[in-house]
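Quick note: numbers below take in every heavy atom, side chains included, and nothing from hydrogens, waters or symmetry partners. Ligands are counted one by one from 1 in listed order, and the atoms in each one are counted from 1 as well.
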Amino acid sequence: MLRLKRIIPMLMALLMLALALYPGHGHAQQQNASSTSEKKTITVGLSADFAPYEFMMTVDGNSKIVGSDVMIAEEIAKDMGAELVIENMSFDSLIPSLQSGRIDMIISGMTPTDERRQNVDFSDLYYISRQVILTRSEDVDKYATMDALEGEQIGVQTGSIQEEIANDIPNAQVTSVKSISDVVSLLTSERVNAAVFEGPVAESQVNNRPGIAIAEAAPEDSDTPMAIAVQKGNTELTEQINVTLERLRATNAVDEFIRQANELSSGEEAPSNIFSFFWKYRGFYADGVQYTLLLSALGVLFGFLIGLLVALLRLSGVKVLKWIAVTYIEVLRGTPMLVQLLIIHFGLASAFDIRFTVLQSGIITLSINSSAYLAEIFRAGIQGVDRGQMEAARSLGMPRGMAMRTIIIPQAIKSVLPAIGNEFIVIIKESSIVSFIGVADLMFQANAVRTLTYSGLYPLVIAAVIYLIMTLILSKLLNVFERRLSAGDNR
Ligand code: ARG
């Protein structure tokens, strides 16, 4: 007969496995090899989709974040005697991450607008660029003036100043997406006809991709500066940054960085065969799988334990406890997991100063979300156990708790095992939403490869196949487990 005692070690084993697989320091790249733990670190946030300023490159199948902004970050770290850690995330997550203290500064081609200045402080300017209009090559003559863009479908990156520029074009239908590579995909797949871009970024795109071109139309007053953002009131850091920027300015270093970065960004050619494609980017996927397994294993473990507890509360004849359990279940089942994730990650940080790392936020969200579903599964299982079982146990003199633990729950879990298995599979798949806050899981890595290669299909198909392999293995294991358990049954 199935005993709780046997399930717990199994879950523990899962936990061990997950910890053994734990890749270490978040997905942050330790740029500096010398990592004495006392050494001060500075964490720079960026959105690595913005060649030549910040973008990803593959080196021996592994991802590396490079670009002129990264070179500036390295100089700042050097001057501060600190180790540089880079956090890659979506552009619109940068300011919330800085405000909640998860990163020390943003170097991501960010323009110091008045609106942003209300939330963060900026260093001196380090570069001035201009805005251009990117279109498909065949349409390039159509957009000679800004007037031609009126009422047009335009693509931009969410939270960028390009979004504001596009919104100011009369009647424009603006589509905002997370990353610059998605903007380019919108354009090439003819979902939009034009896109507002930072000049050097547009040039890098044009040089590396066929079929797109820069139009003659140019937004007015389009000189836009870039500066480094730090937390509001952190004048000490701002001053330190300005010293480095001043040093770089004296030698025109930033122009040189941009030139070097442009050289790096050309020539990443993605294989046209899906197998060699996978092989080339295997390092990304391998990293991602580790996080996905870790998140799912811990999500399952904590979800299981919390779920069981909530089910027992719900069934405990005590009114208040029951009410708490029902509320917990209803709230968690009735709200989107993405909303829960964002509340836990950004909401708690800004309202109560509770700052979980991206990984912690991901694990907490997955655990509590699945615990709500598991609680209902357990409840059904417990209620399905014949009443006579409890009565018999009690009449043998067993205390209620002991009867629950040794007689009822094991039978309950056994009967709902297929439903629990389903929930585990759901967790593996749903763990993909943590990529939203920047956990470098399988989904995140697939997006990274997408950004890197501009290939819309292969990176996602490969991720889908890997998810499928994981869930198939899990359901096989669950089948074996179930069969083992029923081997001794003579029902
Ligand atoms: N300069 C623009 C802005 O401040 C766009 C920056 C986008 N940066 C990026 N790494 N995607 O809004």
Are T238 and D121 close enough that a side-chain donor and a side-chain acceptor fall under 3.5 Å? no
F91 CZ to E54 CD distance, which is reported to the nearest 0.5 Å: 8.5 Å
Results of ring pair (Phe, Tyr, Trp, His ring centres under 6.0 Å) for Y458 - residues two or more places apart only: F277
Going by side-chain contact (heavy atoms from CB on, under 4.5 Å), Q340 matches just one of I364, N369, L366, V331. Which one? N369
Pairing residues for T175 by the side-chain hydrogen bond (donor to acceptor under 3.5 Å, both in side chains) criterion, not counting sequence neighbours: none
The side-chain hydrogen bond (donor to acceptor under 3.5 Å, both in side chains) partners of R355 (sequence neighbours excluded) come to D353
Near ligand 1, which protein residues have a heavy atom under 4.0 Å away? S47, D49, F50, E54, F91, S108, G109, M110, T111, R116, Q157, S160, I161, Q162, E198
